**Student:** 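Take this structure first; my questions come after.
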Amino acid sequence: MHALTHPRSATSLAAFIGISLAVVVPWLMTEPWWLECGVALTLAGAGLAAVVDAESGRLPDRLVLLAALPTAVAIGVELLMHPGVGAIAGPLAGVVAFAGPLLVVHVVSPSAMGFGDVKLAAVLGAALGSIEPRAALLALCAASAVTVVAGVVRRRPAMPFGPGLVIGSLLSIIVIASTVDRAVPWR
(Lines give C-alpha, C1' and ligand atoms only; values in the text may rest on other atoms or scores of the structure.)
Protein backbone atom coordinates (compact mmCIF):
# COMPACT_ATOMS: atom_id res chain seq x y z
CA MET A 1 0.00 0.00 0.00
CA HIS A 2 1.38 3.41 -0.95
CA ALA A 3 2.36 5.61 2.00
CA LEU A 4 -0.23 8.27 1.17
CA THR A 5 -3.12 5.85 0.75
CA HIS A 6 -2.67 4.16 4.13
CA PRO A 7 -5.57 5.07 6.46
CA ARG A 8 -3.18 6.15 9.20
CA SER A 9 -1.48 8.51 6.73
CA ALA A 10 -4.78 10.07 5.73
CA THR A 11 -5.67 10.62 9.39
CA SER A 12 -2.25 12.11 10.12
CA LEU A 13 -2.49 14.41 7.12
CA ALA A 14 -5.97 15.57 8.09
CA ALA A 15 -4.72 16.26 11.61
CA PHE A 16 -1.74 18.28 10.32
CA ILE A 17 -3.97 20.34 8.04
CA GLY A 18 -6.55 20.95 10.75
CA ILE A 19 -3.97 21.90 13.34
CA SER A 20 -2.13 24.14 10.87
CA LEU A 21 -5.28 26.07 10.08
CA ALA A 22 -6.43 26.19 13.71
CA VAL A 23 -3.08 27.55 14.89
CA VAL A 24 -2.76 30.18 12.18
CA VAL A 25 -6.37 31.42 12.04
CA PRO A 26 -6.07 33.51 15.26
CA TRP A 27 -3.36 35.54 13.51
CA LEU A 28 -5.82 36.59 10.84
CA MET A 29 -6.98 39.56 12.87
CA THR A 30 -3.50 41.05 13.35
CA GLU A 31 -1.36 40.15 10.34
CA PRO A 32 -1.89 40.63 6.62
CA TRP A 33 -4.18 37.82 5.51
CA TRP A 34 -1.87 36.75 2.69
CA LEU A 35 0.92 35.99 5.15
CA GLU A 36 -1.33 33.86 7.35
CA CYS A 37 -2.70 32.01 4.36
CA GLY A 38 0.83 31.38 3.11
CA VAL A 39 1.94 30.08 6.50
CA ALA A 40 -1.15 27.90 6.98
CA LEU A 41 -0.91 26.34 3.53
CA THR A 42 2.84 25.87 3.87
CA LEU A 43 2.33 24.08 7.20
CA ALA A 44 -0.32 21.87 5.64
CA GLY A 45 1.98 21.01 2.72
CA ALA A 46 4.86 20.41 5.10
CA GLY A 47 2.55 18.16 7.12
CA LEU A 48 2.00 16.05 4.02
CA ALA A 49 5.77 15.79 3.49
CA ALA A 50 6.22 14.92 7.17
CA VAL A 51 3.70 12.08 6.94
CA VAL A 52 5.65 10.63 4.02
CA ASP A 53 8.91 11.11 5.95
CA ALA A 54 7.48 9.32 8.99
CA GLU A 55 6.49 6.34 6.89
CA SER A 56 9.33 6.15 4.37
CA GLY A 57 12.24 8.02 5.95
CA ARG A 58 12.43 10.43 3.00
CA LEU A 59 11.16 13.93 2.35
CA PRO A 60 10.17 14.05 -1.34
CA ASP A 61 11.44 17.14 -3.15
CA ARG A 62 8.10 17.58 -4.91
CA LEU A 63 6.22 17.81 -1.62
CA VAL A 64 8.76 20.22 -0.13
CA LEU A 65 8.44 22.39 -3.24
CA LEU A 66 4.64 22.18 -2.99
CA ALA A 67 4.89 23.35 0.63
CA ALA A 68 7.13 26.26 -0.43
CA LEU A 69 4.75 27.68 -3.03
CA PRO A 70 2.19 29.34 -0.72
CA THR A 71 4.87 31.15 1.27
CA ALA A 72 6.67 32.20 -1.91
CA VAL A 73 3.43 33.69 -3.25
CA ALA A 74 2.69 35.39 0.09
CA ILE A 75 6.17 36.91 0.23
CA GLY A 76 5.74 38.08 -3.37
CA VAL A 77 2.47 39.78 -2.45
CA GLU A 78 4.15 41.31 0.58
CA LEU A 79 6.90 42.71 -1.68
CA LEU A 80 4.24 44.24 -3.93
CA MET A 81 2.31 45.72 -1.01
CA HIS A 82 5.36 46.91 0.95
CA PRO A 83 8.30 47.23 -1.46
CA GLY A 84 11.78 47.14 -0.01
CA VAL A 85 14.15 44.93 1.85
CA GLY A 86 11.87 44.87 4.89
CA ALA A 87 9.47 42.49 3.15
CA ILE A 88 12.16 39.84 2.76
CA ALA A 89 14.23 40.48 5.90
CA GLY A 90 11.97 38.40 8.15
CA PRO A 91 11.70 35.39 5.85
CA LEU A 92 15.48 35.42 5.25
CA ALA A 93 16.15 35.60 8.98
CA GLY A 94 13.75 32.69 9.48
CA VAL A 95 15.55 30.59 6.86
CA VAL A 96 18.95 31.28 8.42
CA ALA A 97 17.72 30.56 11.96
CA PHE A 98 15.84 27.36 11.13
CA ALA A 99 17.83 25.81 8.28
CA GLY A 100 21.30 27.23 8.93
CA PRO A 101 22.22 24.96 11.84
CA LEU A 102 20.78 21.93 10.02
CA LEU A 103 22.85 22.75 6.95
CA VAL A 104 25.99 22.80 9.08
CA VAL A 105 25.12 19.38 10.53
CA HIS A 106 24.39 18.06 7.03
CA VAL A 107 27.73 19.31 5.68
CA VAL A 108 29.66 17.85 8.62
CA SER A 109 27.79 14.54 8.66
CA PRO A 110 25.36 13.91 5.77
CA SER A 111 24.24 10.62 7.32
CA ALA A 112 23.17 12.43 10.50
CA MET A 113 20.99 15.03 8.76
CA GLY A 114 19.47 14.57 5.34
CA PHE A 115 19.33 17.44 2.88
CA GLY A 116 15.55 17.03 2.65
CA ASP A 117 15.34 18.07 6.29
CA VAL A 118 17.45 21.15 5.52
CA LYS A 119 15.18 22.08 2.59
CA LEU A 120 12.00 21.59 4.64
CA ALA A 121 13.47 23.69 7.46
CA ALA A 122 14.27 26.45 4.95
CA VAL A 123 10.68 26.42 3.69
CA LEU A 124 9.25 26.48 7.20
CA GLY A 125 11.79 29.11 8.29
CA ALA A 126 10.69 31.42 5.48
CA ALA A 127 7.05 30.89 6.43
CA LEU A 128 7.62 31.53 10.12
CA GLY A 129 9.96 34.43 9.43
CA SER A 130 7.31 36.13 7.32
CA ILE A 131 5.30 36.60 10.49
CA GLU A 132 7.90 36.53 13.30
CA PRO A 133 11.57 35.65 12.64
CA ARG A 134 12.15 34.60 16.27
CA ALA A 135 9.60 31.82 15.75
CA ALA A 136 12.06 30.00 13.46
CA LEU A 137 14.72 29.59 16.16
CA LEU A 138 12.10 28.51 18.66
CA ALA A 139 10.77 26.03 16.09
CA LEU A 140 14.25 24.52 15.65
CA CYS A 141 14.56 24.00 19.40
CA ALA A 142 11.07 22.53 19.66
CA ALA A 143 11.62 20.28 16.60
CA SER A 144 14.82 18.92 18.08
CA ALA A 145 13.20 18.29 21.45
CA VAL A 146 10.13 16.60 19.93
CA THR A 147 12.30 14.33 17.77
CA VAL A 148 14.62 13.39 20.63
CA VAL A 149 11.69 12.60 22.93
CA ALA A 150 10.03 10.52 20.19
CA GLY A 151 13.29 8.60 19.68
CA VAL A 152 13.66 7.92 23.40
CA VAL A 153 10.03 6.86 23.79
CA ARG A 154 10.21 4.58 20.76
CA ARG A 155 13.73 3.41 21.70
CA ARG A 156 15.10 4.19 18.28
CA PRO A 157 18.54 5.70 17.69
CA ALA A 158 17.38 7.52 14.54
CA MET A 159 14.08 9.19 13.76
CA PRO A 160 12.73 11.04 10.73
CA PHE A 161 13.07 14.76 11.42
CA GLY A 162 10.28 16.02 9.12
CA PRO A 163 7.46 15.45 11.63
CA GLY A 164 9.48 17.21 14.32
CA LEU A 165 10.07 20.18 12.01
CA VAL A 166 6.34 20.60 11.41
CA ILE A 167 5.34 20.04 15.03
CA GLY A 168 8.08 22.42 16.18
CA SER A 169 6.80 25.05 13.76
CA LEU A 170 3.25 24.70 15.07
CA LEU A 171 4.43 24.87 18.67
CA SER A 172 6.51 27.97 17.97
CA ILE A 173 3.52 29.74 16.43
CA ILE A 174 1.46 28.91 19.51
CA VAL A 175 4.15 30.23 21.86
CA ILE A 176 4.91 33.36 19.84
CA ALA A 177 1.21 34.14 19.37
CA SER A 178 0.57 33.91 23.09
CA THR A 179 3.65 35.74 24.36
CA VAL A 180 4.71 38.56 22.05
CA ASP A 181 3.20 41.43 20.18
CA ARG A 182 2.29 39.98 16.80
CA ALA A 183 2.92 43.14 14.83
CA VAL A 184 5.44 42.47 12.08
CA PRO A 185 8.50 44.35 13.40
CA TRP A 186 10.40 45.07 10.18
CA ARG A 187 7.71 47.17 8.42
Side-chain angles (χ1 to χ4, degrees), residues 1-25 35-76 91-92 94-106 110-131 135-151 154 156 158-174:
M1 184 175 277
H2 189 269
L4 292 178
T5 59
H6 192 280
R8 188 177 65 199
S9 296
T11 303
S12 298
L13 177 59
F16 272 126
I17 291 170
I19 291 169
S20 297
L21 296 174
V23 166
V24 176
V25 164
L35 291 176
E36 279 96 11
C37 289
V39 172
L41 293 172
T42 291
L43 285 169
L48 174 60
V51 168
V52 173
D53 189 25
E55 297 201 0
S56 71
R58 295 195 44 85
L59 283 164
D61 285 341
R62 288 181 181 170
L63 294 179
V64 174
L65 179 61
L66 178 69
L69 289 177
T71 290
V73 169
I75 292 169
L92 285 177
V95 169
V96 170
F98 206 175
L102 301 184
L103 179 60
V104 170
V105 172
H106 173 73
S111 63
M113 178 67 57
F115 196 58
D117 296 319
V118 176
K119 291 183 280 188
L120 185 60
V123 168
L124 291 168
L128 294 172
S130 70
I131 291 178
L137 188 56
L138 181 59
L140 177 59
C141 295
S144 300
V146 164
T147 304
V148 166
V149 168
R154 297 183 80 193
R156 291 179 51 194
M159 293 289 295
F161 201 34
L165 293 172
V166 174
I167 292 168
S169 297
L170 292 170
L171 291 173
S172 74
I173 290 174
I174 292 168

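Because the structure is a prediction, the values reported are computed rather than measured.
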**Student:** So, for L124 and S169, which heavy atoms are closest and what is the spacing to 0.1 Å?
**Tutor:** CD1-OG, 3.6 Å
**Student:** Compare every heavy atom of G125 with every heavy atom of F98, then report the nearest pair and how far apart it is.
**Tutor:**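 F98 and G125 have their closest heavy atoms at CD1-N, 3.5 Å.
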**Student:** Kindly state each residue pair satisfying salt bridge (charged side-chain N to carboxylate O under 4.0 Å, His left out) with at least one member in residues 117-128, sequence neighbours excluded.
**Tutor:** D61-K119
**Student:** Give me the atom names and distance for the closest heavy-atom approach of G164 to T147.
**Tutor:**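 Smallest heavy-atom distance, with atoms named: CA-OG1, 3.6 Å.
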**Student:** Going by the rule side chain to side chain contact (heavy atoms under 4.5 Å, CB included), which residues pair with R156 if we only count those two or more places apart in sequence or in a different chain?
**Tutor:**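 For R156, the residues satisfying side chain to side chain contact (heavy atoms under 4.5 Å, CB included) (neighbours in sequence not counted) are R154, M159, P160.
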**Student:** Examine distances only and state if a side-chain atom of S130 and a backbone atom of A127 form a donor-acceptor pair shorter than 3.5 Å.
**Tutor:**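 Checking the backbone N and O of A127 against the side chain of S130, a donor-acceptor pair under 3.5 Å is found.
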**Student:** Go through the structure and list residues passing side chain to side chain contact (heavy atoms under 4.5 Å, CB included) with V96, not counting sequence neighbours.
**Tutor:**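 Result, side chain to side chain contact (heavy atoms under 4.5 Å, CB included) vs V96: none returned.
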**Student:** Give the table of side-chain donor-acceptor pairs shorter than 3.5 Å for residues 39-54, with sequence neighbours excluded, one pair per line with atom names and distance.
**Tutor:**
unit_1	atom_1	unit_2	atom_2	d
T42	OG1	G38	O	2.8
T42	OG1	A67	O	2.9
T42	OG1	T71	N	3.3
T42	OG1	T71	OG1	2.6
D53	OD1	R58	N	3.2
D53	OD2	G162	N	2.8

**Student:** Measure the spacing between CG of L128 and CG of L140 and express it to the nearest 0.5 Å.
**Tutor:**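 Spacing of CG (L128) from CG (L140) equals 11.0 Å.
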**Student:** Minimum heavy-atom separation for F161 and A143, please, with both atom names.
**Tutor:** CE1-O, 3.5 Å
**Student:** Listed by chain and number, what are the side chain to side chain contact (heavy atoms under 4.5 Å, CB included) partners of A112, not counting sequence neighbours?
**Tutor:**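 For A112, the residues satisfying side chain to side chain contact (heavy atoms under 4.5 Å, CB included) (neighbours in sequence not counted) are V105, S109.
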**Student:** Can you name the closest pair of heavy atoms from G168 and A142 and give their distance?
**Tutor:** CA-CB, 3.7 Å
**Student:** Checking S172 now: which residues fulfil side chain to side chain donor-acceptor pair (under 3.5 Å) with it, not counting sequence neighbours?
**Tutor:**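 In terms of side chain to side chain donor-acceptor pair (under 3.5 Å), with neighbours along the sequence ignored, S172 is linked to no residue.
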**Student:** Are the side chains of L165 and L102 in touch, meaning some heavy atoms are under 4.5 Å apart?
**Tutor:**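 Counting from C-beta outward, L165 and L102 do come under 4.5 Å.
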